[in-house]
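Below is one structure, written out as structure tokens; the observations come after it.
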Amino acid sequence: RNVVFPNGSWVNFWTGEKVQGGTTSNVSADKSTIPLFLRSGAVMPVRLNSDFNFGTSLSDEDIINALMLTSAEETRNITVYESETVSENYTVSKTADGGTSVKAQDGSTVRMFILKGVKASSVTVDGNALSTKSVNPTSQNSGFRISGNDTYVYLPEGEWSEISFN
């Protein structure tokens, strides 16, 4: 199927591959996978179970709030609503060295990031480097790992103000 991409950069949700906007591209997808692309600098809230997995039971006590995002090409201010009265404000921007920074204006307790289309070589939280993990870190063992074209970041319990990916 031919897909027309508006100007900007886009990331294939399923593969992490980048597509330049202002073009038309033939995108293949089987019956169980819809073509889904995220714009550069996008932030999408997702909920995971306590094992940091999609698509399994999400009982109220097991929910982990996570943010799925793409690398930034410009500064974007994003508000994520948890309910009608609860929201968090984030600023996503490109860093001087070409990485991506996410700042939580009032602090955040989000515990996981999924950075689509980026194989980060380093991740810092409030200036402190996280270690690379070869398997999924747990809630007691924070760090980051690369899977395919994506970076998965598991944060320690508590509040943070800024996370940077390079």
Side-chain angles (χ1 to χ4, degrees), residues 1-49 51-56 58 63-81 88-104 108 110-125 129-138 141-155 160 162-166:
R1 153 166 280 166
N2 284 331
V3 175
V4 177
F5 292 92
N7 290 333
S9 293
W10 299 84
V11 176
N12 184 316
F13 177 85
W14 306 110
T15 66
E17 294 176 88
K18 295 182 181 178
V19 177
Q20 189 56 45
T23 62
T24 300
S25 182
N26 189 307
V27 176
S28 61
D30 61 32
K31 291 180 182 181
S32 65
T33 307
I34 63 168
L36 177 60
F37 293 85
L38 303 173
R39 188 179 191 118
S40 173
V43 174
M44 183 170 70
V46 294
R47 292 187 176 211
L48 309 171
N49 69 12
D51 294 323
F52 299 107
N53 292 319
F54 289 107
T56 56
L58 293 175
I63 292 176
I64 304 291
N65 290 324
L67 292 178
M68 183 177 299
L69 63 143
T70 59
S71 61
E73 293 184 354
E74 59 189 25
T75 299
R76 296 180 128 193
N77 293 309
I78 311 252
T79 301
V80 174
Y81 293 91
E88 291 187 342
N89 298 305
Y90 299 96
T91 300
V92 181
S93 56
K94 186 174 187 174
T95 61
D97 58 3
T100 296
S101 170
V102 179
K103 293 181 182 176
S108 178
V110 166
R111 292 190 36 228
M112 182 177 179
F113 281 85
I114 304 167
L115 188 58
K116 300 297 286 181
V118 174
K119 296 178 182 180
S121 59
S122 67
V123 178
T124 60
V125 178
L130 292 181
S131 60
T132 305
K133 305 291 182 182
S134 58
V135 296
N136 281 353
T138 66
N141 185 14
S142 61
F144 73 98
R145 72 175 179 88
I146 307 300
S147 179
N149 289 321
D150 304 329
T151 301
Y152 292 79
V153 179
Y154 305 83
L155 301 177
W160 57 270
E162 182 175 7
I163 183 167
S164 296
F165 309 90
N166 291 311

Legend entry - Side chains of Met44 and Lys116 in contact at under 4.5 Å (non-hydrogen atoms): no
Legend entry - Atom of Lys18, atom of Ser71 and distance for their closest heavy-atom approach: NZ-OG, 3.8 Å
Inset, instruction - Compare every heavy atom of Ala42 with every heavy atom of Arg76, then report the nearest pair and how far apart it is. - result: NH1-N, 3.8 Å
Legend entry - Gap between atom OG1 of Thr15 and atom CG of Asn149 - 0.5 Å precision: 6.5 Å
Legend entry - Closest contact, heavy atoms only, Ser101 versus Glu162: OG-OE2, 2.8 Å
Legend entry - Minimal non-hydrogen separation, Pro45 against Leu67, with atom names: CA-CD2, 4.0 Å
Legend entry - Spatial distance of atom CG (Asn166) from atom CG (Asp97) [nearest 0.5 Å]: 4.0 Å
Inset, instruction - Could you grab the distance from atom OG of Ser121 to atom CZ of Phe144, nearest 0.5 Å is fine? - result: 7.0 Å
Inset, instruction - Assign the ring pair Trp160 / Tyr90 to parallel, tilted or perpendicular, where the plane angle (0 to 90°) is split at 30° and 60°. - result: parallel
Inset, instruction - For residues Phe165 and Val102, determine if any side-chain heavy atom of one lies less than 4.5 Å from a side-chain heavy atom of the other. - result: yes
Inset, instruction - Spell out, as yes or no, whether a donor-acceptor pair under 3.5 Å connects the side chain of Ser164 to the backbone of Thr124. - result: no
Inset, instruction - Starting at OG of Ser93, measure out to CD of Glu74 and round the result to the nearest 0.5 Å. - result: 11.0 Å
Inset, instruction - Enter the distance from Ile146:CD1 to Thr151:OG1 here, rounded to the nearest 0.5 Å. - result: 3.5 Å
Legend entry - Val27 side chain reached by Phe37 side chain, heavy atoms, under 4.5 Å: yes
Inset, instruction - Given side chain to side chain contact (heavy atoms under 4.5 Å, CB included), test Lys133 with Tyr152 step by step and report yes or no. - result: CA-CA 10 Å; Lys133 305 291 182 182; Tyr152 292 79; over 6 Å; no
Legend entry - Nearest non-hydrogen partners of Glu73 and Ser9, listed with the distance: OE2-OG, 2.5 Å
Inset, instruction - In sequence, state the C-alpha distance, the side-chain angles, and the governing distance for Arg39 and Thr70, and then conclude on side chain to side chain contact (heavy atoms under 4.5 Å, CB included). - result: CA-CA 7 Å; Arg39 188 179 191 118; Thr70 59; 5.9 Å; no
Legend entry - Val19 side chain reached by Asn12 side chain, heavy atoms, under 4.5 Å: no
Legend entry - Shortest non-hydrogen separation from Gln20 to Phe5 and the atoms involved: O-CB, 4.4 Å
Inset, instruction - Might you work through the side chain to side chain contact (heavy atoms under 4.5 Å, CB included) test for Asn89 and Asn77, ending with a clear yes or no? - result: CA-CA 7 Å; Asn89 298 305; Asn77 293 309; over 6 Å; no
Inset, instruction - Measure the shortest side-chain to side-chain distance between Ile163 and Leu155 over non-hydrogen atoms and say whether it is less than 4.5 angstrom. - result: yes
Inset, instruction - Quick one: pull up CE in Met112 and OG in Ser142 and give me the separation to the nearest 0.5 Å. - result: 12.5 Å
